[in-house]
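Encoded as structure tokens, the structure appears first; notes follow it.
Chain naming here is simple, since letters A, B, ... match the order of the sequence lines and numbering starts at 1 in each. All of these numbers come straight from a predicted model, not from anything done at the bench.
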Amino acid sequence: MQTFLQQLVNGVVLGATYGLVALGYTMVYGIVQLINFAHGEIYMLGGFGALFTYTVLLPGGTPVVLALVLMLLGGMVVSITAALLMERFAYRPLRGAPRLAPLITALGVSIFLQELVRNFYPAKSPRPFPQLVDPSHQFSLGASVEISAPRLLTVVVAVIGMVALSTFVRRSRTGRAMQATAQDPDTARLMGIDTDRIIVTAFVLGAALAAVSGLASGLQFGTVDPRMGFLTGVKAFTAAVLGGIGNISGAVLGGFTLGIVEVMATQYAPDPFSGGAWKDAWAFVVLILVLVFRPSGLLGERVAARA
Amino acid sequence: MQAPRLVRVAAPLIIGALVLSACGSKSESGSGSGNITLTLGVIAPLSGDLSAVGNGIKNGVELAIKQANENKTIKGVTLKLDAEDDTAKAEVGAQVAAKLVADSSVIGVVGPLNSSVAKSTAPVLSQANIASISPSNSNVDLTNRGVLATGGTQTRPYKSYFRVCATDDIQGPFAADYAVKDLGKKTIAIVHDKKAYGQGLAEAFAKQAKADGATVLPTETINPGDKDFSAIVTKLKAAKPDFLFYGGEYPEASLLTKQMKAGGLNIPLMGGDGVDAAEYIKIAGASANGDLATALGAPTDSLASAKQFLTDYKAAAYADPADPYGAASYDAANAIIKALAKAVGDGKKSGQAVRDEVTKEVQDSDFEGVTGKISFDQFGDTNTKILTVYSVKDGKFVAAKSGTFGG
Amino acid sequence: MSVLEATSVTKRFGGLTAVKDVSLVVNEGEVVGLIGPNGAGKTTFFNCLTGMETPTAGSVLYKGSQLPGRPDLITKAGVARTFQNIRLFNNMTALENVMVGRHTRTKAGVLAAVGRGPRYHREERESEEKARELLTFVGLGRVGDELAKSLPYGDQRRLEIARALATEPGLLLLDEPTAGMNPNETAAARDLVRAVQGKGIAVVLIEHDMRFVFGLCDRVAVLVQGEKLLEGSPAEVQSDERVIAAYLGKPTEDTAGES
Amino acid sequence: MTAAGSSYRRAVGSQARVVALAGAVLLVVGSVLPWARFSGFPGKMTLAGPGGARIGPLLLALVAALLLRQVPGSARAVRAASTFAFLITGLTVFFIGYSGGGADYVNAGAWVALAGALVYLLGGLGLDPSRPASSPPRSLPDAPWALPAEWLLTAGSTAVALYVFVHGLGIQSANVGRPNDVVIRGAISINALTNDGEFLAFLLLLIGLALVATRLGLLADLSAITKKHPTVFLAAGMIAATAFPFTQNGNGYALRIAASIGVFAAAAVGLNIVVGLAGLLDLGYIAFFGVGAYVAALVSGSVTSTIHTHIPFVFVIFLGAAVAGLFGILLGAPTLRLRGDYLAIVTLGFGEIFRITANNLDGNSGPSLTNGPNGVSNIPDLTIGSFSFGDNHHFLGVDLPFQANYYWLEIVVLVVVMTAFLRLSESRIGRAWVAIREDELAAAATGINTTRLKLLAFALGATLAGAAGTVDAHVVKVATPDSFTFLESALLLAAVILGGMGTVPGALVGATILYLIPEKLRFLQDLRLLVFGVVLVLIMRFRPEGLIPSSRRKREFHDDSGGADALSMPPGHGEHMA
């Protein structure tokens with residue numbers, strides 16, 4: 001039982017990262033129906049931006065909390081800049097192009113960004129990330145179930161990010177315009193909504209959340225590397241689809257589900273199909289099963305015909 | 001009116017194409033100073049994730065070539081390097097191997113880095129009887145060593161394939177003996193990354209550890225590229241092991257040891273030469289203290305020649321570090337250079353004859369390299385089976401024990 | 001003998017009953033009009049007949065036997081349809097569109113298509129001839145090689161009918177065949193429906209253009225709020241006060257432009 | 001294009017033609033004068049008369065002659081020609097200077113040419129870039145010589161294509177001699193960089209000429225003519241493809257690359273059925289290829305196989321295809337009712353499940369079948385009857401390394417796959433697929449069993465991939481899980497989309513380009529993936545409909561840029577059918 005609870009906690013921590021990155025996928029998809037495969041790289045850039053801020057820009061002895069805030073800002077600046085450039089120069093010219101064209105563009109951007117960082121950020125191996133939040137500091141959740149400080153932080157920022165985003169989308173003017181654009185871009189345009197601006201907003205919000213996640217990941221694992229975005233990106237995309245792509249709560253739910261499935265498969269899947277080597281296979285099996293029975297994902301609505 | 005227009009427009013282009021084809025062929029522009037140029041090939045990942053390691057191999061070979069040319073080791077021959085990028089993929093490996101075979105000036109190859117790539121390069125190179133020496137392939141299949149475990153008769157699958165590193169079935173057991181016999185560990189957890197190298201090593205370790213009387217827990221696996229190993233740590237913790245052997249490379253190993261210790265499982269992690277890297281300690285930080293890694297050969301700083309190599313390497317100011325296989329590649333290149341010198345001395349200077357002769361001479365190699373003595377058995381494996389265990393003390397790998405498995 | 005016999009067809013979406021207990025009989029060679037205000041459930045009724053929706057209750061018989069539940073099987077059985085908002089295969093040529101309609105009446109599988117024996121060639125040739133005939137029949141003989149999307153609106157409607165006819169139906173369901181047409185085109189559409197009738201194919205059409213309906217149909221059924229209000233000859237329906245009250249209420253000519 | 005561009009054109013005005021012509025003349029003069037002051041630069045750069053990289057600017061300068069007579073599209077053609085002439089000249093001058101060791105080594109001719117190219121470019125940019133009204137393809141007049149001339153053009157165009165391919169492939173392996181020759185090279189001044197410079201110049205020339213031909217409508221004319229004589233075209237193509245090994249002088253490397261391109265292209269054509277015709281986005285296609293490869297590896301008689309059987313390859317190719325097809329059905333049956341992107345992620349998931357499973361079925365973390373990460377290695381050379389594919393041959397005075405055997409086998413597989421695709425796409429089944437892609441609901445209402453046909457496309461694509469995989473296993477000699485990652489699937493998809501969806505030449509060109517770009521970018525070393533990423537983005541930016549779109553799709557995209565693509569959710573795409 002104790003192991004089960006501890007694994008549940010592990011799953012939630014893992015899922016928090018997936019969920020946070022999945023939000024970026026889901027928002028962009030919801031509005032432009034684009035699978036932005038390069039979003040994982042935005043997450044990676046967030047981590048590197050934060051690392052750069054710490055190692056290059058911050059003077060030694062900056063108070064931890066201040067350093068964290070500035071690192072987050074640094075990460076966000078990098079992520080958002082990259083997302084804006086990507087939107088402007090890679091995706092926007094392709095609006096109205098055959099739908100699969102942007103998919104290949106996304107792939108190209110993804111490869112480009114990975115290689116850019118790998119080649120031009122000094123030293124070509126995983127980069128040590130400052131351990132500003134002590135990983136050996138454990139919080140007990142009762143019955144010897146524990147969570148370390150950076151892991152707890154990951155979950156907390158993820159939850160804050162998700163709540164903030166869904167509040168923004170539901171309450172703010174821009175958020176409602178986003179919903180309208182997602183529902184029906186043509187009508188939204190007729191109603192005077194600047195859809196270009198809405199699309200940019202979606203990219204920016206997604207990048208900001210990815211940067212949060214990138215920083216959290218750096219703090220949690222103590223390293224960032226140029227490839228970290230790719231795997232996380234695929235998982236996050238999976239999470240977004242699992243939850244029902246285009247649906248904000250769905251992305252979060254999908255992320256947690258995926259994280260928990262992976263962890264539980266490691267521990268409890270029947271031998272010999274258990275363990276880390278099989279966990280991703282289980283994750284995808286669950287995805288396929290969910291989609292077979294709920295073709296639009298866990299929270300996805302039946303997609304209306306769009307004439 | 002239509003057709004003439006078409007013809008008129010097409011005519012210059014067609015004439016142009018004809019001119020192009022007439023001028024397309026190139027002529028050799030050799031001035032013929034009497035010195036012949038032969039090529040030493042390298043097959044290694046020069047782009048992608050493993051490029052730093054691959055460039056280390058390339059640089060090691062380049063250094064050897066530079067010294068040979070400066071010292072005029074081979075009379076009348078200028079050596080040049082042709083480093084080909086295999087992108088760590090078997091498919092591409094076979095291709096660049098064919099490229100090197102097609103270049104008649106190529107007389108030997110150093111590489112590749114990965115065993116899986118070697119499985120597709122070795123057949124191609126062997127067919128042309130080009131000697132290839134890998135600094136790092138540890139998979140038993142390549143020299144068919146796997147049959148030894150089951151009592152079969154070893155036969156050589158690739159006639160011109162050699163390697164200067166220890167195979168998994170030597171490194172793993174050596175580590176196991178150290179863990180069980182020297183450190184007295186009783187309950188050992190095994191984790192590997194489910195790659196050919198990691199799994200081969202971990203399996204060989206587990207087998208020997210059992211034979212030595214330790215309790216070996218069911219093997220756990222992780223995925224290369226993963227970062228969150230908390231599920232594995234939680235799972236292992238329940239079984240209360242006192243030692244962990246990890247088959248794989250440092251990026252995951254460093255995260256695993258850190259998360260293990262943060263998760264309250266305070267036991268040493270041991271790995272193979274894939275873990276023996278300065279980066280491991282950089283990432284794992286204080287968690288790395290007490291962790292262990294095995295590596296081929298005697299400790300580098302105990303050999304004068306090795307020190308000289310490192311100095312030379314540093315002087316050449318390469319962008320990528322010599323670690324982990326630069327020194328072994330340097331030795332491999334020198335084995336080929338020495339063989340070529342003999343072949344040229346025998347008057348073999350070109351074509352298939354020189355390739356045949358070099359392969360034959362590599363087989364008979366016998367010299368002191370910077371990683372130890374270089375000589376090969378009849379299957380292409382190195383005769384040198386000296387290994388060293390290093391342990392992390394104060395942020396550094398320190399040699400703990402040198403020896404050879406079973407000896 | 002009746003071609004279509006729909007009995008008590010009911011379709012509910014959640015709490016909303018779109019079609020309630022509607023029965024309709026269509027006899028061989030008949031043209032039946034289905035009229036009613038927007039939202040009366042006419043298209044939903046069509047969808048129930050063609051397998052796009054599964055009726056909540058009721059039965060549909062085609063030439064005496066139960067229709068299967070899938071659109072493609074229904075088409076194969078002999079009920080073809082067109083759509084209110086034209087649904088052509090836009091990036092195929094007009095000819096190809098009609099040839100797709102031959103799908104259920106041809107057999108060539110993957111092996112035949114790759115192997116291309118004499119039988120395949122014969123079938124393909126027949127398909128093409130038949131398709132060209134149909135194009136000529138609907139008056140599109142000269143545009144066979146143009147992309148469907150590049151045809152003018154009226155031609156697209158005809159092309160859709162040609163495609164439906166290619167399936168060799170016994171019953172053709174037309175969902176607003178004159179929507180968006182000018183008077184000339186409407187007249188041509190009337191001739192076309194008559195010609196279809198002349199081939200011995202029964203037609204049911206949903207239409208808002210009353211002049212078109214009353215001038216063409218043998219019988220007219222009126223749907224209001226999902227229920228059949230009335231069925232009878234054009235004259236009967238035209239003069240029925242309930243119809244005028246529930247639906248018409250204004251001169252018939254003006255509704256022609258609705259889509 | 002931009003405001004700056006149009007104001008520049010206004011400023012240059014009617015002088016543009018004169019300026020361009022003057023520049024072109026200068027460029028022609030420059031290109032026949034010596035360019036380099038040292039020997040060793042490839043292509044006889046020091047001699048009088050054009051050679052190597054100088055031929056490019058010369059040819060492109062000749063295009064300016066179009067300005068003397070008004071031909072539709074000539075202004076745009078000259079713009080393109082002048083742009084690429086300038087690029088090539090600039091690049092070559094840079095490389096001469098770089099490899100010679102300074103600007104001193106650049107001879108007068110190069111400077112004259114560079115100046116000419118610049119003037120030519122300035123004139124070219126001043127020309128009116130507006131697109132001429134498109135006209136139907138031109139054809140030869142009715143004359144007795146027209147038919148043979150058309151045949152000649154058809155066959156000639158394939159020959160030119162082969163020549164271009166061979167020449168392009170040959171540039172970088174310039175230092176590859178004949179296997180048994182003595183290679184003597186005193187000065188090793190032919191370094192990699194100059195070869196790469198030459199290749200880049202060649203590539204730019206190709207692009208430039210292709211653009212010129214497109215803008216003059218010549219490509220459209222040519223394709224109309226070749227379409228009239230499919231048999232001649234096919235025969236010429238076959239002869240060219242078969243002849244290729246004879247042009248390589250025993251160079252196994254080029255053949256190996258060509259064989260790999262063949263495997264890749266065969267898989268791409270198969271994927272084109274699924275994506276291009278039926279409109280199903282498949283992100284895990286490589287898995288079916290992998291199934292075929294593993295089946296072939298396991299029954300190849302390799303000592304590392306867990307199944308110690310040897311089945312003759314003629315059966316294996318069908319076995320591999322059948323098993324892969326079966327997997328296609330197993331995956332497709334429950335999932336094909338999913339909407340586009342949901343299907344994409346399911347196929348992605350399946351691809352990963354396959355890779356993970358192959359990686360685990362080694363008796364340690366699963367049943368013993370695939371040897372896990374070690375893969376099945378030591379796959380022996382193919383033998384059919386008494387013919388071993390591992391033997392070198394000597395035929396008609398030409399050395400044919402063993403790679404030629406695999407190359408020809410691959411050509412056979414490719415031809416089979418292409419034939420299947422072409423015949424299917426022009427059949428009842430193919431029309432039904434396109435109908436489903438266009439409007440699934442309408443397709444169902446037209447009597448098409450959409451579920452069955454989608455499954456058919458999916459399974460057939462899988463089958464063809466499986467067949468290609470069986471060959472690949474013998475070419476690569478090892479089947480490991482690493483070869484079947486998501487990235488491989490993505491690259492195959494990229495080949496299909498890059499080349500142009502739904503067409504065979506598109507898939508061929510896409511596969512060739514995706515294979516050759518990384519191969520030809522070797523000199524960039526660690527930067528080559530970076531550049532590869534940029535190239536992907538750029539191609540999609542300028543040719544979003546693919547390099548060789550089907551004539552339908554091209555019209556579709558250029559007619560109205562706001563129009564929805566066939567795959568971008570046609571009306572009712574999301575409606576589920578009962």
Could you look at [X] and say if it's the side chain, the backbone, both or neither that has a heavy atom under 4.5 Å from chain D?
X        : result
B:Tyr158 : side chain
B:Thr219 : neither
B:Gln127 : side chain
B:Lys89  : side chain
B:Asp85  : both

Does either side chain, that of D:Asn374 or that of B:Gln199, offer a donor lying less than 3.5 Å from an acceptor on the other one?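 No, no side-chain donor-acceptor pair sits under 3.5 Å.
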Would you compute the distance between atom [atom1] of [X] and atom [atom2] of [Y] and round it to the nearest 0.5 angstrom?
X        : Y        : atom1 : atom2 : value
D:Asn378 : B:Asn144 : CG    : CG    : 7.0 Å
B:His192 : D:Ser365 : NE2   : OG    : 6.5 Å
B:Leu100 : D:Tyr253 : CG    : OH    : 9.5 Å

Are the side chains of D:Arg256 and B:Val96 in contact, using a 4.5 Å heavy-atom criterion?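 Contact flag for B:Val96/D:Arg256 side chains = no.
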Looking only at heavy atoms and a cut-off of under 4.5 Å, which of D:Ile379, D:Asp472, D:Val475, D:Asp362 has the most pairs with chain B?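 Maximum pair count with chain B is reached by D:Asp362.
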Only pairs of heavy atoms separated by less than 4.5 Å count here; which of D:Asp482, D:Asn360, D:Leu529, D:Thr480 has the most with chain B? D:Asn360
With chain D as the partner, which of B:Lys119, B:Lys195, B:Glu203 has the greatest number of non-hydrogen pairs under 4.5 Å?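 The option with the most such pairs is B:Lys119.
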Between B:Ala196 and D:Pro373 the two heavy atoms that sit nearest each other are N-CB, 3.4 Å
Check each atom of D:Tyr515 against the heavy atoms of chain B and say whether the ones under 4.5 Å are side chain, backbone, both or neither. side chain
Ion pair B:Glu91/D:Lys477, N-O distance below 4.0 Å: no
